[in-house]
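Just below is one structure, and these are the notes that go with it.
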Amino acid sequence: NAKQLHKELSDYFYLKQDKNKNWNQRYHNLHMLSEYPYQLFHSKQFKELKEILFDLEFTGSIYDNKKQSHRLFTLLSSFYLAQEILKKPQ
């Protein structure tokens, strides 16, 4: 089942954050920064997706880590997805 696979991947990427560190070190894994929102979306974990996209530590980490332009595109795409989610009744 594709949804279950995406859920397992989102769980894996969730573990890549270090909750004991500051925002600029908490989300140090570049792969996690781009994959976690993607996997949440495709596993239909919309509540968790909304939380991570509006987490200033998460978005600040993307900016702080000086991502290449495709990383910025990923972030902007994630915000677009969040807007679409917010339009749908829960």
Side-chain angles (χ1 to χ4, degrees):
N1 177 330
K3 182 179 171 183
Q4 181 60 33
L5 177 61
H6 287 292
K7 167 128 180 37
E8 290 174 16
L9 286 168
S10 73
D11 292 344
Y12 169 79
F13 286 110
Y14 177 79
L15 296 174
K16 292 293 182 185
Q17 62 180 310
D18 189 344
K19 292 186 173 203
N20 298 320
K21 295 191 176 179
N22 295 2
W23 69 272
N24 60 342
Q25 296 174 339
R26 179 178 180 182
Y27 299 110
H28 64 279
N29 186 296
L30 302 182
H31 193 190
M32 179 269 196
L33 289 171
S34 63
E35 282 291 325
Y36 187 51
Y38 177 86
Q39 299 303 336
L40 288 173
F41 178 79
H42 287 284
S43 62
K44 302 192 184 325
Q45 297 179 77
F46 298 124
K47 180 182 175 202
E48 292 84 354
L49 178 61
K50 182 178 169 183
E51 288 173 7
I52 197 72
L53 292 178
F54 291 100
D55 178 348
L56 293 179
E57 291 181 351
F58 182 82
T59 53
S61 185
I62 290 174
Y63 177 79
D64 189 59
N65 282 305
K66 297 174 178 60
K67 306 296 174 286
Q68 298 80 16
S69 60
H70 73 279
R71 297 286 185 193
L72 179 59
F73 175 76
T74 299
L75 175 63
L76 294 174
S77 297
S78 297
F79 277 117
Y80 172 77
L81 291 175
Q83 285 180 324
E84 293 301 310
I85 291 167
L86 291 173
K87 290 179 185 176
K88 295 179 183 177
Q90 303 251 332

Exercise. Got a sec, which residues hit salt bridge (Lys or Arg N to Asp or Glu O under 4.0 Å) with D11, two or more places apart in sequence or on another chain?
Worked result: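 Testing D11 for salt bridge (Lys or Arg N to Asp or Glu O under 4.0 Å), a comparison that skips the adjacent residues, returns K7.
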
Problem set entry | Intermediate values then yes/no, side-chain hydrogen bond (donor to acceptor under 3.5 Å, both in side chains), E48 and S10 | CA-CA 10 Å; E48 292 84 354; S10 73; over 6 Å; no

So do the side chains of [X] and [Y] get within less than 4.5 Å of each other, counting heavy atoms only?
{"X": "Q17", "Y": "M32", "result": "yes"}
{"X": "T59", "Y": "L53", "result": "no"}
{"X": "L9", "Y": "Y38", "result": "no"}

Say you draw a straight line from [atom1] of [X] to [atom2] of [Y]; how long is it, rounded to the nearest 0.5 Å?
{"X": "K50", "Y": "Q45", "atom1": "NZ", "atom2": "CD", "result": "15.5 Å"}
{"X": "I52", "Y": "E57", "atom1": "CD1", "atom2": "CD", "result": "9.0 Å"}
{"X": "H6", "Y": "F41", "atom1": "NE2", "atom2": "CZ", "result": "10.0 Å"}

For this session: Could you check whether the rings of Y36 and Y14 sit parallel, tilted or perpendicular, using 30° and 60° as the cut-offs?
Result: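 Answer is tilted, since the angle falls between 30° and 60°.
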
Exercise. Which atom names give the shortest non-hydrogen contact between P37 and S34, and what distance separates them?
Worked result: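 Shortest heavy-atom contact: CD-O, 3.8 Å.
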
For this session: Could you walk me through whether Y12 and Q39 pass side-chain contact (heavy atoms from CB on, under 4.5 Å), step by step?
Result: CA-CA 10 Å; Y12 169 79; Q39 299 303 336; over 6 Å; no

For this session: Taking side-chain contact (heavy atoms from CB on, under 4.5 Å) as the test, write out the residues that go with N1, two or more places apart.
Result: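 Per chain and number, N1 pairs via side-chain contact (heavy atoms from CB on, under 4.5 Å) with K3, Q4.
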
